[in-house]
Amino acid sequence: MRQSIAFVYTLRDVPADAEVVSHRLLARAGYIQKLAAGVYSYTPSMARVLQKVSNIVREEMNRQGAQECVMPIIQPKEIWEESGRWERYQKGGQLFTLVDHKGSEMCLVPTAEEAFTTMVKRAVTSYRQLPLNLYQLHTKFRDEIRPRFGLMRGREFIMKDAYSFDIDDEGMRAAYAKMRIAYQRIFERCGLKYTIVQADAGAIGGSATEEFMVNADTGEDTILVSEDGSYAANVEKAESLIPAGEAGGEAKPMHLEHTPGDKSVDQLSKRFNLAPSRMIKTILFRAVFAESEETVAVLMRGDLDVNEVKVANAVGAIAVDLADDARVRAATGAEPGFAGPVDMKAGVKVLADISCKPMTNFLCGANKSDYHLLDVNFGRDLPVPDYKELRRARAGDMCIDAKRGKLIETRGIEVGHIFQLGTKYSSAMGARFADEEGKERPFVMGCYGIGVSRVAAAAVEQNHDKDGIVWPAPIAPWQVHVVCVNSGDLLMKQAGDQCESALEGAGIEVLYDDRANVSPGVKFKDSDLIGLPIRVVAGRDVKDGIVEVRTRRTGEAAKVKIADVVAEVRKRLE
RNA sequence: CGGGGUGUAGCUCAGAUGGCUAGAGCGGAGCGUUUGGGACGCUCAGGCCGCAGGUUCAAGUCCUGUCACCCCGACCA
């Protein structure tokens, strides 16, 4: 492709709204343009990158026996009501909905469990037709509460989504294992360094689920990894071992203490010279359900933090968030900062983290402004609560298997997520088949997503330098950038043309900067920015039949005869 | 949705206390000089100052509303 006629351009200035490096570089190098918040146009060069990623995905999916489909992007409300997700997604504010001319409600799909389940249930009636794994590469829509970071969190994005249909759990696990292998191969082939982590299933549902995280400091997800690397989990899911708290001793009588203004564990620790692990903090949440809301009080040992995802799962809520002051007052009858589990108002669900279980003679809020209770004991002063694992694991905690060492915190970009769904959708939607005994059974499903456009952004996030993008060769829009230093110089022009045709003849994709009247400096800057793996420069040495071949990542360059360009480029692409 | 902020040329931005015939740099067009790291000179084009009201002799500037976008927080491939 010749740059003199290609729609390839670069920007000198960084668009004001570009914050993360992938967004800045993709915009400056002419790969993407923003059309609306979280909505991007892909230029020809970006389309090539997306094609590369898509093809890798396709090959590895097909290799595992999955079959490609194309599903509607606009879907009727009905199937979403069948699965029960219309309400949930709308409540989350993430569903793009529209109404057609006759008043029917539709949505732009955020994911396609319903459509695939419907398609399969209409056509598959017997176990003999199973297993199946169907997928598509298509645009998805989520009206993100806050789109940001360019392609990283768009409202419209390209996703590969796959759905497996099996006879039983064993089949589902086998399908899951295959997808896990496919994903490993895909991300390796894309040249990404990644970590597989245990994850929370969120709105998709299901049991075992893992995320594929591209390692990047700018990632939005926090990951905890054991020192030996064998345990890795999203912080939403992570578990850990913690030192026992300070012992409280034999039960003493409970008493009220005046604690004016002391709302924090720190302040109380100082006032009573009491270790935070001797206190229980009571954190109030608003739990959102499909048709209602509830106040939930979570009891947590004073030196530990609450994991909100675990709270939501424990109560079966769509989401939980910190209660606002009004809700706190309604639940406790006191100002925020003095909430406690003793005599909590009716209607407030009380949960306790398991770390609270051994505690005796602890300190907690009194549900009375400026007062706390000391020497409180479960069973005597308040009912024994429902104990759950609600604690947020932290860096420095011991891995649940202590032999693996302590947990280290890193960050990642979620590019893939695989789920063992079970029969959540098939049961809800009446998707059944006849088994060997002729009995009707729901499909046992799995679902598997890869953010294709996000993979491209993550690749840039992980592969760039001060001058621009450094594409991993397998997903670069072209393999080689041939740069003619001065297209007005006949010899240079001829050498450039020769390199272009020799490389293309060898099946190597070439972007050829043949622009006239563009200074060499500009061409080199643009070339660095665009970031193709190999650069071939037709410059001052062409009079001797020599061009320069340079590797973008290392900057290492060699002078080679024009006749040897193909061989040199091939060597470097390996 | 809550909190903060910004809308002026294709892009990045400047335009105190209202006086504008609206600017700069970059980018673009033309001519010429350049040609191994965003080169130089001359000339030129380019603006419903986000939108709608209002105040005023006078509004890019003040007021009201509205829309869009960005940042910080709760959601996800």
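Throughout, protein chains are lettered first and strands after them, A, B, ... in sequence-line order, and every chain is numbered starting at 1. Atom set for the values below is all heavy atoms of this structure, side chains included, hydrogens, waters and symmetry mates excluded. Values in this document were obtained by computation on a predicted structure and should not be read as measured data.
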Nearest to the side chain of [X] - [options]?
| X | options | result |
| --- | --- | --- |
| A/Arg540 | B/rA39, B/rU12, B/rG36 | B/rG36 |
| A/Ala36 | B/rU12, B/rC75, B/rC69 | B/rC69 |
| A/Phe419 | B/rA77, B/rC75, B/rA74 | B/rA77 |
| A/Met159 | B/rC76, B/rA77, B/rG37 | B/rA77 |
| A/Glu19 | B/rC72, B/rC76, B/rC69 | B/rC72 |
| A/Asp13 | B/rC26, B/rA77, B/rC13 | B/rC26 |
| A/Arg148 | B/rC70, B/rC71, B/rC13 | B/rC71 |
| A/Glu144 | B/rG37, B/rC75, B/rC76 | B/rC75 |

Using modelled atom types and a 3.5 Å cut-off, is there a donor and acceptor pairing between side-chain atoms of [X] and backbone atoms of [Y]?
| X | Y | value |
| --- | --- | --- |
| A/Asn55 | A/Gln51 | yes |
| A/His138 | A/Met71 | yes |
| A/Lys77 | A/Thr97 | no |
| A/Lys523 | A/Arg515 | yes |
| A/Asp513 | A/Ser527 | no |
| A/Asn313 | A/Gly316 | no |
| A/Arg552 | A/Ile534 | no |

| message | Taking the nucleotide of RNA chain B with the nearest heavy atom to each, does A/Gln94 or A/Asp467 sit closer to the 5' end? | response | A/Asp467
| remark: On RNA chain B, more 5' by nearest nucleotide between A/Ala37 and A/Ile158 is A/Ala37
Quick one: label [X] by what it contacts on the DNA or RNA (base, sugar-phosphate, nothing), any heavy atom closer than 4.0 Å.
| X | value |
| --- | --- |
| A/Arg28 | base |
| A/Gly416 | sugar-phosphate |
| A/Arg286 | nothing |
| A/Val522 | base |
| A/Gly38 | nothing |
| A/Pro15 | sugar-phosphate |
| A/Asp161 | nothing |
| A/Val537 | base |

| request: Return one dot-bracket line describing RNA chain B 5' to 3' (Watson-Crick or G-U wobble pairs, both distances under 3.5 Å; ( ) same strand, [ ] crossing, | another strand, . none). | output: (((((((..((((.....[...)))).((((((.....)))))).....(((((..]....))))))))))))....
In whole Å, what is the span from the [atom1] atom of [X] to the [atom2] atom of [N]?
| X | N | atom1 | atom2 | value |
| --- | --- | --- | --- | --- |
| A/Leu35 | B/rC70 | CG | P | 12 Å |
| A/Glu210 | B/rC76 | CD | P | 18 Å |
| A/Phe149 | B/rG73 | CZ | P | 8 Å |
| A/Phe157 | B/rA77 | CZ | P | 8 Å |
| A/Tyr448 | B/rA77 | OH | P | 15 Å |
| A/Arg153 | B/rC72 | CZ | C1' | 15 Å |
| A/Asp143 | B/rC76 | CG | P | 14 Å |
| A/Gln136 | B/rA77 | CD | P | 15 Å |

Are any of [X]'s side-chain N or O atoms less than 4.0 Å away from OP1 or OP2 of [N]?
| X | N | result |
| --- | --- | --- |
| A/Lys34 | B/rC70 | yes |
| A/Arg12 | B/rG27 | yes |
| A/Arg24 | B/rU12 | no |

| Can you say whether the rings of A/Tyr40 and A/His23 are parallel (under 30°), tilted (30 to 60°) or perpendicular (over 60°)? |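 Ring orientation of A/Tyr40 relative to A/His23: perpendicular.
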| Ring geometry between A/Phe187 and A/Phe212 (parallel below 30°, tilted from 30 to 60°, perpendicular above 60°) |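 Answer is tilted, since the angle falls between 30° and 60°.
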Between the protein and nucleotides 31-35 of chain B, which nitrogen or oxygen pairs are less than 3.5 angstrom apart?
{"from": "B/rU35", "atom 1": "O2'", "to": "A/Asn486", "atom 2": "ND2", "distance (Å)": "3.4"}

Using a cut-off of under 3.5 Å, enumerate the N/O to N/O pairs linking the protein to nucleotides 1-5 of chain B.
none

| message | Can you pull out the residues from residues 549-562 of chain A that lie within a 4.0 Å heavy-atom distance of RNA chain B? | response |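 None, since no heavy atom is under 4.0 Å.
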| task | Give, ordered by number, those residues of residues 184-198 of chain A having at least one heavy-atom distance below 4.0 Å to an atom of RNA chain B; if nothing qualifies, reply none. | result | none
| message | Can you tell me which residue among A/Arg535, A/Gln3, A/Arg550 is in a side-chain hydrogen bond (donor to acceptor under 3.5 Å, both in side chains) with A/His481? | response | A/Gln3
| request: Can you tell me which residue pairs pass the side chain to side chain donor-acceptor pair (under 3.5 Å) test with a partner in residues 454-463 of chain A, sequence neighbours excluded? | output: A/Ser22-A/Glu461, A/Thr218-A/Glu461, A/Asn463-A/Arg553
| message | For A/Leu95 versus A/Leu108, what's the shortest heavy-atom pair and its separation? | response |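 Closest approach of A/Leu95 to A/Leu108: CD1-O, 4.3 Å.
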| message | Are the side chains of A/Thr111 and A/Tyr163 in contact, using a 4.5 Å heavy-atom criterion? | response |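 Contact flag for A/Tyr163/A/Thr111 side chains = yes.
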| field | Audit row: A/Met213, A/Tyr194, side chain to side chain contact (heavy atoms under 4.5 Å, CB included) steps and yes/no | value | CA-CA 5 Å; A/Met213 294 284 187; A/Tyr194 67 95; 5.9 Å; no
| message | Would you say the ring centers of A/Trp478 and A/Tyr512 fall short of 6.0 Å from each other? | response |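 No, the ring centres sit 6.0 Å or more apart.
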| query | What interatomic distance, in whole Å, is found between P of B/rC57 and the corresponding atom of B/rA52? | reply |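 23 Å, rounded to whole Å.
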| request: Rounded to whole angstrom, note down the C1' distance from B/rA14 over to B/rC26. | output: 14 Å
| field | Ring-base stacking, A/Phe524 with B/rG36 (5.5 Å, 30° cut-offs) | value |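 According to the criterion (under 5.5 Å, under 30°), no, A/Phe524 does not stack.
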| query | With a cut-off of 6.0 Å (strictly less than), are more than 12 heavy atoms of other residues, nucleotides or ligands near NZ of A/Lys178? | reply | no
| said: Can you confirm whether more than 12 heavy atoms, excluding those of A/Asp217, are under 6.0 Å from its CG atom? | reply: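 Counting other residues, nucleotides and ligands, CG of A/Asp217 stays at 12 neighbours or fewer.
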| note | Between the CG atom in A/Asn62 and the CD atom in A/Glu60, the distance rounded to the nearest 0.5 Å is 9.5 Å
| query | Any Lys/Arg nitrogen of A/Glu294 or A/Lys349 sitting under 4.0 Å from an Asp/Glu carboxylate oxygen of the other? | reply | no
| query | Out of A/Lys237, A/His417, A/Glu211, which residue meets the side-chain contact (heavy atoms from CB on, under 4.5 Å) rule with A/Val197? | reply | A/Glu211
